[in-house]
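I have placed the structure first, in the form of structure tokens, so that the comments after it can refer back to it.
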Amino acid sequence: MGIGELDREAHVPEATGTVGAPRTLAEALRARGDDGLIALLRARPDLLNPVPNDLTQLATRAGTRGSVVRALERLDRFALQTAEALAVASDPAPYPVLLALLTGDEGDPVIEAALPGAVALLREQALVWGEDDRLRLVRTARELLAPSAQHPSPTGLGPTVAEATAGMSPGRVQEIIAAAGLTATHDPVSAVAALTELFTDRTRMGELLDTAAPEALTVLDRLVWGPPYGEVTANPAPPVRWLRDRGLLLPVSPRTMVLPREVALHLRGGRAHRAPEPLAPDPAVLREYRPQVVDSAAAGQAHAALATVEELLKSWDQGGPQVLRAGGLAVRDLKRTAAALDVTEETAAFWLELAYGAGLLASDGAADERYAPTPAYDDWLDLPPAERWARLVTPWLSATRTPGLIGDQDAKGRTLAALGPDLDRAAAPEVRHRVLELLATLPPGSAAEPETLFARLRWERPLRGTAPAGPPRPTTGGTGAPGVGAPGGSGAPAAHDTADGARPGPQAPTDLRSRLARWTLAEAELLGLTGRGALSGPARALLNLPLAEAAAPADHGGGVELEVAAARAATLLAPLLPEAVDHVLLQADLTAVAPGPLRRPLADALAVLADVESKGGATVYRFTPGSVRRALDSGQTASDLHAFLTAHSRTPVPQPLAYLIDDVARRHGHLKVGAASAYLRCDDDTVLGEILADRRSTALGLRRLAPTVLAAQTDPASLLAGLRSMGYAPAAESAEGDVLITRADAYRTAARTAPVPVPDGPPAPDTTLLGAAVKAIRAGDRAATAVRKEPAAATAAGGLPRTSAAETLATVQAAAMTGSAVWIGYVNADGAASQRVIAPVRVEGGFVTGYDHTADEVRTYPLHRITGVAELADDQV
């Protein structure tokens with residue numbers, strides 16, 4: 001749409017008071033109260049950036065293509081169907097015509113009851129304006145929704161008779177009306193009008209179709225619900241020729257025919273849509289459980305989620321995998337992570353993205369960039385379990401990063417990687433909230449049938465998150481009607497009727513909202529927001545929804561901050577989580593059984609001393625020479641380990657375990673590795689001799705420097721690893737000869753902030769901003785529409801007043817003395833021009849100070865920046 005067209009739609013006549021129905025969208029907005037304008041700006045916040053100067057500018061902006069597209073994407077299915085029906089109706093359309101297009105000849109009380117609400121919604125969002133006898137769809141919305149060969153309408157209707165015959169020769173039009181039994185006319189315009197009148201007259205149209213052969217009616221049946229285009233051969237069959245001769249099919253190209261809109265509406269019984277959907281489908285209940293069972297299952301999942309995230313980040317304590325050059329995690333590293341966690345790659349990607357979104361995991365930013373836990377991870381570990389859970393689910397609710405996309409390809413054919421770029425989808429937070437809210441509408445303890453949940457989401461936002469279907473599959477003539485096939489280049493495949501009369505729909509487009517909903521259900525179950533598919537009590541508190549039982553906090557109400565809601569959810573979850581224990585059960589087979597989750601200091605110490613062998617309700621740890629050596633490397637002694645096990649075991653320390661600790665401790669540090677490139681020293685020269693004689697030491701490049709010292713051609717870390725693989729227990733030492741102590745949690749990234757969600761359009765304005773914006777728009781509109789006296793100097797239509805400097809000074813001085821208001825043109829320091837209504841109170845020093853009715857405040861303006869001034873009419877400000 002060009003600027004001129006927008007101006008015509010939003011044009012404001014010079015007179016401020018309009019009598020009767022509004023003639024423009026700007027007039028319709030001017031007739032609204034402040035509450036109506038606030039409702040418009042709240043529903044379409046993009047109109048606020050920047051705040052419009054007046055209502056004319058607001059109307060113009062509301063008709064721009066980008067803003068209208070965003071508004072249409074947020075309509076529910078019935079409101080969108082209402083707009084689509086208006087797009088195929090005459091402009092303007094009376095309310096009864098719109099109702100007939102939606103209900104058809106037979107009527108529908110459900111649609112009749114729902115239509116006023118849909119029209120009111122379209123009016124509120126400035127997509128429709130005018131009184132009920134003259135409903136007008138905004139021009140841009142009509143262009144987007146009206147049927148065309150390039151952009152088929154969801155209604156399946158084609159062009160009108162007038163549109164389809166545009167450019168047709170007058171002689172051909174006269175032949176059509178003669179074949180249809182109409183009287184010849186003197187011009188093509190009246191001929192087209194006569195043909196249109198015939199097709200909209202139900203009685204005469206019925207009589208005409210009664211004379212058609214059954215094969216001709218079959219052709220119409222194939223096209224009636226769309227697409228309305230069909231391809232014909234150079235020599236069409238007699239039924240097609242009969243339809244073409246009478247204008248029931250009109251040519252749009254040498255080999256393509258179209259079913260006129262009026263004919264299709266007659267065959268449909270007046271309905272624009274095959275299946276209007278005035279009511280939102282309700283999610284169906286799949287299974288029902290007791291709320292206590294749901295909460296218990298959800299709590300078990302929440303506990304497992306905490307353990308999984310902790311296990312993942314502990315495995316990367318010394319630095320995780322490298323960051324790809326393009327960003328993200330390599331596929332092989334994702335596979336290793338999934339194997340370590342014993343989950344699928346999709347689930348492993350979710351845990352990675354969850355930790356990343358919570359700020360617990362990031363890249364270290366080094367030259368050889370790797371992933372590692374952040375300092376926030378250590379703070380997170382110190383929190384109680386329920387609060388740790390809240391720290392995970394809170395950012396998940398608002399995160400726009402979408403793990404389900406990992407493995408898909410972007411627009412350039414590149415595979416999307418875990419922790420990589422291009423995973424943000426702005427619709428994700430809204431879909432997550434909506435899915436959980438829909439689960440909350442079911443009876444407590446009820447799990448939803450997923451397909452009904454997805455159907456509800458598609459009804460609420462039919463245009464949101466969808467992509468157009470792929471190219472049409474061509475069909476051939478003769479697959480149900482003689483001589484009519486798929487349209488050549490019409491942009492949509494021909495319709496095919498099945499045996500029961502129902503036409504199968506087109507190939508399903510990629511529905512991002514349904515995919516997001518599926519991922520939300522799976523992720524909510526992994527996080528413990530749902531248990532067995534039903535919403536849990538803590539999840540209801542997190543969403544600030546009424547709880548299933550009377551255990552809800554007494555002060556529960558709407559509008560609380562997310563942090564407050566998360567604290568309430570954590571309070572409800574805490575009693576359901578298993579209580580941490582401070583002991584283990586040592587067994588003779590060098591294992592220890594933790595009968596529950598261990599308290600933090602015990603869990604950290606035992607993770608160094610033993611390896612996890614199995615997880616579940618009870619975790620099994622296994623002691624090995626390597627794990628004991630790891631504890632000794634961290635600075636502990638054999639006596640420290642004996643004392644630790646004695647203090648935290650409910651069973652005596654088994655003799656095999658005590659022998660293992662003493663044996664590893666006796667050999668630990670017997671060899672000393674330092675940096676030469678590396679050296680190896682030992683007080684027992686026979687041990688060094690054994691190492692030199694061992695073939696496995698060849699790769700280390702060892703040679704004897706002294707009876708108790710060997711030099712190596714490799715670095716100390718590699719020398720340590722090589723000797724340990726040979727069964728020795730060497731210790732690293734510093735340049736001063738002191739034993740170096742290594743800590744398992746030594747490596748952390750620098751402080752990192754969690755990724756910021758990508759906004760889904762402009763932020764929702766608050767009440768204060770909306771009130772101030774409406775006040776400013778009203779003030780600017782009063783200034784723009786104020787009736788002025790004829791200025792002394794000529795003023796361009798719609799432009800700023802132009803007066804000389806002397807006339808400007810004299811006029812504002814007179815206004816200051818009389819206390820009257822004047823209309824001025826003003827150009828600021830940036831060169832932006834505007835018009836204002838001011839009441840001058842002081843004129844001195846080249847400046848005029850007065851009350852600015854446009855800005856609703858006292859301001860001072862330099863006189864040299866005022867382009868001109870004009871007095872207002874006596875009945876104005």
Pairs of donor and acceptor atoms involving the side chains of residues 240-249, under 3.5 Å and at least two apart or interchain, shall be tabulated with distances.
| from | atom 1 | to | atom 2 | distance (Å) |
| --- | --- | --- | --- | --- |
| Arg241 | NH1 | Pro236 | O | 2.6 |
| Arg246 | NH1 | Trp242 | O | 3.2 |

Residues forming a side-chain hydrogen bond (donor to acceptor under 3.5 Å, both in side chains) with Asp132, sequence neighbours excluded: Arg123

Non-neighbouring partners of Glu460 that pass salt bridge (Lys or Arg N to Asp or Glu O under 4.0 Å), sequence neighbours left out: Arg434, Arg456

side-chain hydrogen bond (donor to acceptor under 3.5 Å, both in side chains) between Arg61 and Gln57, intermediate numbers included: CA-CA 6 Å; Arg61 194 178 297 173; Gln57 190 177 98; 3.2 Å; yes

When the side chains of residues 178-193 are checked against the rest of the protein, which donor-acceptor pairs come out under 3.5 Å, sequence neighbours left out?
| from | atom 1 | to | atom 2 | distance (Å) |
| --- | --- | --- | --- | --- |
| Thr185 | OG1 | Gln174 | NE2 | 3.2 |
| Thr185 | OG1 | Asp187 | O | 3.1 |
| Thr185 | OG1 | Ser190 | OG | 3.3 |
| Thr185 | OG1 | Ala191 | N | 3.4 |
| Asp187 | OD1 | Ser190 | OG | 2.9 |
| Asp187 | OD2 | Val189 | N | 3.0 |
| Asp187 | OD2 | Ser190 | N | 3.0 |
| Ser190 | OG | Asp187 | O | 3.0 |

Contacts of Asp133 that satisfy salt bridge (Lys or Arg N to Asp or Glu O under 4.0 Å) - sequence neighbours left out: none

Worked check of side-chain hydrogen bond (donor to acceptor under 3.5 Å, both in side chains) between Thr233 and Arg255: CA-CA 6 Å; Thr233 62; Arg255 300 194 62 179; 5.9 Å; no

Pair Arg778-Asp54, salt bridge (Lys or Arg N to Asp or Glu O under 4.0 Å): steps then yes or no: CA-CA 7 Å; Arg778 290 284 193 200; Asp54 50 43; over 6 Å; no

Residues Glu430, Arg513; criterion salt bridge (Lys or Arg N to Asp or Glu O under 4.0 Å); working and verdict: CA-CA 10 Å; Glu430 187 262 335; Arg513 283 178 66 85; 2.7 Å; yes

Set of side-chain hydrogen bond (donor to acceptor under 3.5 Å, both in side chains) partners for Arg32, sequence neighbours left out: none

Non-neighbouring partners of Asp108 that pass salt bridge (Lys or Arg N to Asp or Glu O under 4.0 Å), sequence neighbours left out: none

Donor on one side chain, acceptor on other, Arg44 and Ser67, under 3.5 Å: yes

All pairs passing side chain to side chain donor-acceptor pair (under 3.5 Å) where residues 202-213 contributes a residue, at least two apart: Asp105-Arg202

Partners meeting side-chain hydrogen bond (donor to acceptor under 3.5 Å, both in side chains) with Glu451 (sequence neighbours left out): Arg518

Pairing residues for Arg172 by the side-chain hydrogen bond (donor to acceptor under 3.5 Å, both in side chains) criterion, not counting sequence neighbours: Glu175

Sequence-distant partners of Arg268, salt bridge (Lys or Arg N to Asp or Glu O under 4.0 Å), two or more places apart: none

Sequence-distant partners of Asp76, side chain to side chain contact (heavy atoms under 4.5 Å, CB included), two or more places apart: Phe78, Ala79, Leu121, Trp459

Stepwise side chain to side chain contact (heavy atoms under 4.5 Å, CB included) check, Trp225 with Leu267: CA-CA 9 Å; Trp225 289 108; Leu267 296 172; over 6 Å; no

